[in-house]
Amino acid sequence: MKKLIVANWKLNPTTLKDAQKLAASIKRTAKNTAVLCPPAVYLSAIKYPNLGAQDCFWQERGAFTGQISPLQLKNLKVKYCIVGHSERRTVGETDGQINFKLRTLLEHKIIPILCVGYGTTVEQDDLEVTDVLRGQLEIDLQGVDAAPVVVAYEPVWAIGTGQNAMPEHAEKIAIFIKNRYNIKKVLYGGSVTNANAAQFLEQRNIDGLLVGGASLVPLYFNQIISI
Ligand code: 13P
């Protein structure tokens, strides 16, 4: 079964030329489905079979300075959109706003990649983690047909720290999310590298990965999508 491997470039790179060079160095076909999520300013100038945005607004058009709408993304042939990343939640994004974004994305047939996991620490046990996730998912998915939504479990302490979660922990959390919320696909994210990716992809209920730092290094990302 093909896994879904999503590259979150975050606020990198700083020039269009470098962004195009990075995209050009990623394999077009691999064993898995690869999605590139560059900064929005580059989306229209990057050529890759599967593109995703890193965020969006919930209105289609109008007086909303600085926002990017799902309709604009759809018109750029963007197929996926990350929503609720912890780096957005820390600057004030709420679960209520995430819920609006999911609804509008689904209306426009863009697949949301809903990130959850904010607030967890390395010391927390599975029960505490599921409590945090329940708080997020119950609001995020309110009134939403969850079946097309991809959920990415990203423990905050694992993001950009070089400390990944245990694959067995991620598997348990994926089972919890699927059983409780009618979610079909769960990804793991947080310090995924070419060295540890296979351990996550071996888990039955982990359907792919959301990769930050390692997605900026073609050698690493190409290895990850080829596993
Ligand atoms: P890193 O892979 O750099 O830890 O980032 C994970 C992440 O936040 C992906 O969205």
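One-based numbering, in listed order, for ligands and for the atoms of each. As the structure is a prediction and not an experimental result, all values here were calculated from the model.
- No side-chain donor-acceptor contact under 3.5 Å links H169 and Y188.
- If you check the side chains of K77 and N75, you find no donor sitting under 3.5 Å from an acceptor.
- For Y42, the ring pair (Phe, Tyr, Trp, His ring centres under 6.0 Å) criterion is met by no residue, not counting sequence neighbours.
- Counting only distance, with no hydrogens or angles, the side chain of H108 and the backbone of I110 share no donor-acceptor pair below 3.5 Å.
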N or O contacts of ligand 1 with protein under 3.5 Å, please list pair by pair.
from: ligand 1; atom 1: 2 (O); to: G212; atom 2: N; distance (Å): 2.9
from: ligand 1; atom 1: 3 (O); to: G213; atom 2: N; distance (Å): 2.8
from: ligand 1; atom 1: 4 (O); to: G160; atom 2: N; distance (Å): 2.6
from: ligand 1; atom 1: 4 (O); to: S191; atom 2: N; distance (Å): 2.8
from: ligand 1; atom 1: 5 (O); to: K10; atom 2: NZ; distance (Å): 3.2
from: ligand 1; atom 1: 8 (O); to: K10; atom 2: NZ; distance (Å): 2.8
from: ligand 1; atom 1: 8 (O); to: H85; atom 2: NE2; distance (Å): 2.8
from: ligand 1; atom 1: 8 (O); to: E154; atom 2: OE1; distance (Å): 3.4
from: ligand 1; atom 1: 8 (O); to: E154; atom 2: OE2; distance (Å): 3.4
from: ligand 1; atom 1: 10 (O); to: N8; atom 2: ND2; distance (Å): 3.0
from: ligand 1; atom 1: 10 (O); to: H85; atom 2: NE2; distance (Å): 2.9
from: ligand 1; atom 1: 10 (O); to: E154; atom 2: OE1; distance (Å): 3.3
from: ligand 1; atom 1: 10 (O); to: E154; atom 2: OE2; distance (Å): 3.0

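- At a cut-off of 3.5 Å, with distance as the only test, a side-chain donor of N50 or K79 sits close to an acceptor on the other residue.
- Here CG of L137 is found 10.0 Å from CD1 of I98. Values are rounded to the nearest 0.5 Å.
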